[in-house]
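Everything numeric here is computed off the predicted structure, so don't read it as measured data. When reading the values below, keep in mind they use all heavy atoms of this one structure, side chains included, and skip hydrogens, waters and symmetry mates.
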Amino acid sequence: MNRFAISEVVFEIAPLREQLLGHQAGAYASFEGWVRDHNEGRAVQGLFYESYRALADTEGQAIINQALQRFAITGAACVHRTGELALGDLAVWVGVSAGHRGPAFDACRWIIDEVKTRVPLWKRERYAQGPATWLHPDPEP
Amino acid sequence: MNRFAISEVVFEIAPLREQLLGHQAGAYASFEGWVRDHNEGRAVQGLFYESYRALADTEGQAIINQALQRFAITGAACVHRTGELALGDLAVWVGVSAGHRGPAFDACRWIIDEVKTRVPLWKRERYAQGPATWLHPDPEP
Amino acid sequence: MSVTVLYFASLRDAAGCDRESLPLPASIQVLYAELSARHGFVLPAAKLRVAVDGAFVPWDSPVNDGSEIAFIPPVSGG
Amino acid sequence: MSVTVLYFASLRDAAGCDRESLPLPASIQVLYAELSARHGFVLPAAKLRVAVDGAFVPWDSPVNDGSEIAFIPPVSGG
């Protein structure tokens with residue numbers, strides 16, 4: 001099973017979550033990133049996400065595999081949208097199951113942090129005012 | 001709206017999550033606690049949760065209100081089951097929406113930690129071997 | 001002059017009931033000591049919290065006629 | 001003897017295309033310097049990562065005939 005996926009279309013969380021749940025997993029932590037109506041003080045009208053698909057798949061899968069090594073968890077998965085997204089659309093989902101809540105939270109946060117840092121995905125924001133802009137943030141210190 | 005609730009029956013997460021999502025919320029973190037098939041080395045067959053309902057409602061709502069004060073979040077909610085639960089049943093759900101992922105994760109974790117520490121709810125576990133037992137854990141140091 | 005005492009979880013099992021009406025006690029501490037002796041409660045008072053009329057209160061709070069007193073054993077939600 | 005270069009995000013906008021075929025360069029650094037001059041890339045090499053044939057590699061990796069080279073500007077997923 002691929003535990004990391006790029007989706008060019010709207011995807012459902014429910015079946016992804018189902019796959020993570022089992023009788024051994026007492027804890028499930030998830031994260032969802034949604035398209036906000038603002039970013040750094042500017043009114044946002046929509047987003048476009050582009051990926052380098054082959055490398056994104058490889059790197060995303062590597063992150064999940066590393067999370068399964070680093071944390072006491074039973075399962076982890078992540079799906080990231082590409083293409084045009086409107087306000088309120090789901091951009092990314094991360095789900096983690098574990099025996100206990102500490103590792104579930106820690107791994108979930110680690111995965112989204114790594115995805116934002118390492119996976120070749122780029123966001124272009126459309127604003128109420130001014131030209132659309134690709135975001136190429138400096139790495140966080 | 002009551003943001004903390006005790007539910008004596010199975011409840012759906014989807015409508016609770018919907019209520020937290022809005023165009024201002026870029027981040028949503030959630031936690032789910034499920035009935036595991038083991039605890040501290042013993043095979044568990046099922047659970048019963050009891051509450052002091054009036055005080056649980058008050059204390060749970062206080063936790064949510066405190067989370068909204070302490071963290072830069074836009075919404076938070078929690079529902080806890082009572083009654084008989086089978087393996088794989090949902091025992092507790094916490095959802096938090098925020099502008100950014102840091103506060104969403106921090107608040108979600110803080111809420112479940114506080115619920116486990118402060119809300120008058122008690123778990124009786126039924127085991128494969130031996131009598132059912134009420135859990136009265138010592139506070140974590 | 002009486003109070004109602006509520007029991008939960010292992011205290012309820014030990015007491016054999018979920019509430020009882022008792023004469024107004026001298027203090028909450030005295031009440032719990034008496035109940036521990038009568039019902040065989042094994043949890044020491046130091047491990048419990050106490051609530052009066054639906055709100056947590058200190059153990060040395062006064063009790064009034066008609067109060068509802070709940071002894072809260074260590075909780076285990078989540 | 002040639003390589004394929006892939007462009008993404010702002011580099012693609014600046015290049016005006018998402019890929020081009022170019023003669024085998026002396027090195028990846030030399031290639032990026034030439035492309036920056038030709039396409040007006042404003043991102044310095046220090047801010048980019050580079051991938052060859054679908055895997056991240058160091059900037060001083062060799063390039064071979066037929067390689068697919070991607071310059072990876074700072075990512076912004078999530």
Side-chain angles (χ1 to χ4, degrees), chain A residues 12-14 17-18 20-41 43-47 74-75 85-117 123 125 140, chain B residues 12-14 17-18 20-41 43-47 74-75 85-117 123 125 140:
Chain A
E12 292 294 320
I13 292 170
R17 170 174 158 284
E18 281 299 319
L20 289 175
L21 302 177
H23 287 181
Q24 294 201 300
Y28 168 82
S30 79
F31 176 79
E32 302 173 21
W34 296 81
V35 180
R36 278 201 309 261
D37 61 7
H38 62 281
N39 188 25
E40 297 185 0
V44 172
Q45 294 190 321
L47 293 186
T74 53
L85 279 73
L87 296 185
D89 277 359
L90 180 62
V92 59
W93 166 84
V94 180
V96 173
S97 58
H100 297 279
R101 68 192 188 285
F105 276 115
D106 291 344
C108 190
R109 188 163 189 165
W110 185 84
I111 290 168
I112 186 63
D113 286 351
E114 292 293 305
V115 167
K116 291 174 78 88
T117 306
K123 172 162 49 178
E125 290 183 337
E140 289 170 29
Chain B
E12 292 294 320
I13 293 170
R17 171 175 157 282
E18 281 298 319
L20 288 176
L21 302 177
H23 287 180
Q24 295 201 298
Y28 168 81
S30 79
F31 176 78
E32 301 173 23
W34 295 82
V35 180
R36 278 201 310 260
D37 60 7
H38 62 282
N39 188 26
E40 298 185 0
V44 172
Q45 295 190 320
L47 294 186
T74 54
L85 279 75
L87 295 185
D89 278 358
L90 180 62
V92 60
W93 166 84
V94 180
V96 174
S97 58
H100 297 278
R101 69 192 186 286
F105 276 114
D106 291 344
C108 189
R109 187 163 191 165
W110 185 84
I111 289 168
I112 186 62
D113 287 350
E114 292 292 306
V115 166
K116 290 175 79 89
T117 307
K123 172 162 50 178
E125 290 184 336
E140 289 171 28

Quiz item: Rounded to the nearest 0.5 Å, how far apart are CZ of B/Phe31 and CZ of A/Phe105?
Solution: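 If we round to the nearest 0.5 Å, B/Phe31:CZ and A/Phe105:CZ are 5.5 Å apart.
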Exercise. Kindly compute the distance separating OG1 (A/Thr74) from CZ (B/Arg36), expressed to the nearest 0.5 Å.
Key: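 Reported to 0.5 Å precision, the distance equals 10.5 Å.
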Quiz item: Quick one: of B/Gly102, B/Ala104, B/Ser97, who has the most non-hydrogen atom pairs under 4.5 Å with chain A?
Solution: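 Among the listed options, the one with the most contacts to chain A is B/Gly102.
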Quiz item: In terms of heavy-atom pairs under 4.5 Å with chain A, which of B/Val94, B/Asn39, B/Ile112 leads?
Solution: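 Result: the option with the highest number of such pairs is B/Ile112.
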Quiz item: Does the A/Arg101 side chain pair with the main chain of B/Gly33, one donor and one acceptor, at a distance under 3.5 Å?
Solution: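 Answer holds: no.
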Counting only non-hydrogen atoms closer than 4.5 Å, does [X] touch chain A with its backbone (N, CA, C, O), its side chain (CB onward), both, or neither?
X: B/Asp106; value: both
X: B/Leu87; value: both
X: B/Asp113; value: both

Quiz item: Taking A/Gly88, A/Ser30, A/Ala91 one by one, which has the highest count of heavy-atom pairs under 4.5 Å against chain B?
Solution: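 The answer is A/Ser30.
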